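These numbers come from the heavy atoms of this one structure, side chains and all, not from hydrogens, waters or symmetry mates. Order of appearance sets the numbers: ligands from 1, and atoms from 1 within every ligand. Just so we're clear, the structure is a prediction, and the values are computed from it rather than from any experiment.
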Amino acid sequence: MLADTPGIHHITGVVRDAQQNVDFYTDVLGLRLVKQTVNFNDKFTRHLFYGHETGSVGTVLTFFPYPAEDDGRIGKPQISTAALAIPPGTVGYWQDRLAAHGIDTDGPFERFDETVIRFTNPDGTQLELVTAKSSIKPWVDGPVPTQNAIRGIHGVTLLSTNIYGTASVLEMLGFDLLDQEGDRVRYQSAGDRATVIDLLDRDVAFGREGAGSFHHIALRVPEKDQLYEWHDLFRERGYDVSRVKDRHFFHSLYVRESGGILFELATEPPGLTSPTEADTPGQQLYLPPWFEEDRSMIEDQLPPLELPTDSESR
Ligand code: ZN
């Protein structure tokens, strides 16, 4: 019997400039650069992971910087927006903080009894901060005071080409219909964090993948054995599903649901950081064993990156 997914594992987007990406997510949003590695399908492209201290599931945003990438356009079928959880009562702090960094915000407005502000990162990626109670321990050595710090992922908003198709795959994965407000339909999983997926029932133009767009959303699967079961179930039901892949930090598969959005199912173990490297995990370029012999070639090819040091970024 397949277990429901507890919630979101990570969200991945495409941007243009690695340095701008690091500066925004560490200096402005106060997340930790938990891991810098390369795209396992393209070793001369970086892959940057941000989250709380160890980058546990439900806290992680990841980005592929492609310097020559064209601008993306938000539309269907896409993940239009990623929402991050902030403690209730901190909206004013965040409005001031973002304004001080020259970032315009929309809001605050109320939605499902939560307060939301909306803004974009320098590539145009749509983000929200949403007040929500959370058990996640934030990254405490960043520039944002602990009481205001981001508590991980709150959820995502999806623009689907077939909202009923997307809803049925969410239900298959274990999300329940929670509520509807205007053209926003909220689904929620039963986990302890990163449990919200909103479907927007809105007539919008088709989007284009590129800088500023999200690439996929990954959902949590506790064990690798379950990935094979999910694989078989998706295939039986006629979905376009990949084989199970070794992503080093987790095993995963990808499925394109009938509303056009790319979902990844990713295992919780082994995780982004081992206990021995939890001190400064993002400071060195991490390569999986199969790329180690090419390290010097890879390091020569990647554009230089100035990293925050945890103490300096206070
Ligand atoms: Zn992924």
Side-chain angles (χ1 to χ4, degrees), residues 5-15 18 21 25 31-43 45-52 54-66 69 72 77-84 121 123 125 127 152-158 166 169-170 173 189 191 193-195 197 209-224 226-227 230-231 234 239-257 260-273 281-282 286-288 290-291:
T5 175
I8 297 167
H9 188 288
H10 64 269
I11 310 167
T12 294
V14 175
V15 294
N21 188 250
Y25 286 91
L31 301 179
R32 190 182 203 191
L33 177 63
V34 182
K35 188 71 73 182
Q36 50 146 333
T37 182
V38 292
N39 183 342
F40 295 165
N41 295 326
D42 170 10
K43 62 190 173 192
T45 297
R46 288 187 196 277
H47 193 185
L48 301 167
F49 292 70
Y50 306 93
H52 74 0
T54 57
S56 65
V57 293
T59 72
V60 176
L61 296 176
T62 96
F63 292 93
F64 294 116
Y66 289 107
E69 185 74 13
Q78 270 180 5
I79 299 151
S80 71
T81 310
L84 302 170
N121 79 4
D123 288 280
T125 309
L127 299 167
I153 294 168
H154 178 264
V156 292
T157 301
L158 305 182
T166 305
V169 85
L170 288 179
L173 287 161
S189 61
R193 55 180 71 184
T195 55
I197 295 185
E209 205 171 280
S213 67
F214 286 106
H215 184 263
H216 64 267
I217 173 177
L219 302 175
R220 293 163 62 181
V221 172
E223 299 293 338
K224 187 180 167 193
Q226 293 177 16
L227 279 182
W230 281 114
H231 174 273
F234 278 117
Y239 288 93
D240 177 11
V241 59
S242 77
R243 64 183 173 79
V244 172
K245 299 181 186 217
D246 179 0
R247 292 310 195 199
H248 192 60
F249 307 120
F250 42 83
H251 282 80
S252 70
L253 62 76
Y254 298 84
V255 59
R256 182 76 67 180
E257 53 85 30
I261 292 157
L262 185 62
F263 282 86
E264 180 182 13
L265 300 189
T267 58
E268 293 174 20
L272 274 181
T273 48
Y286 182 89
L287 294 175
W290 61 89
F291 284 156

- request: Would you kindly check if the NZ (Lys) or CZ (Arg) of Lys35 is within the cone defined by 45 degrees around the ring axis of Phe49 and under 6.0 Å from the six-membered ring centre?
  value: no

message: Check the orientation of Tyr254 and His216. Use parallel for under 30°, tilted for 30 to 60°, and perpendicular for over 60°.
response: perpendicular

query: Is the distance between the Zn ion (ligand 1) and the nearest N/O/S atom of His9 smaller than 2.8 Å?
result: no

message: If I consider every N, O or S atom in His216, which one ends up closest to the Zn ion (ligand 1)? I only need its name.
response: NE2

query: Side-chain contact, heavy-atom cut-off 4.5 Å: Tyr66 with Asn39?
result: yes

query: Given the side-chain rings of His248 and Tyr286, with only the six-membered ring counted for Trp, is the space between their centroids under 6.0 Å?
result: yes

- line: The atom name of the N, O or S atom in Glu264 nearest to the Zn ion (ligand 1) is OE1

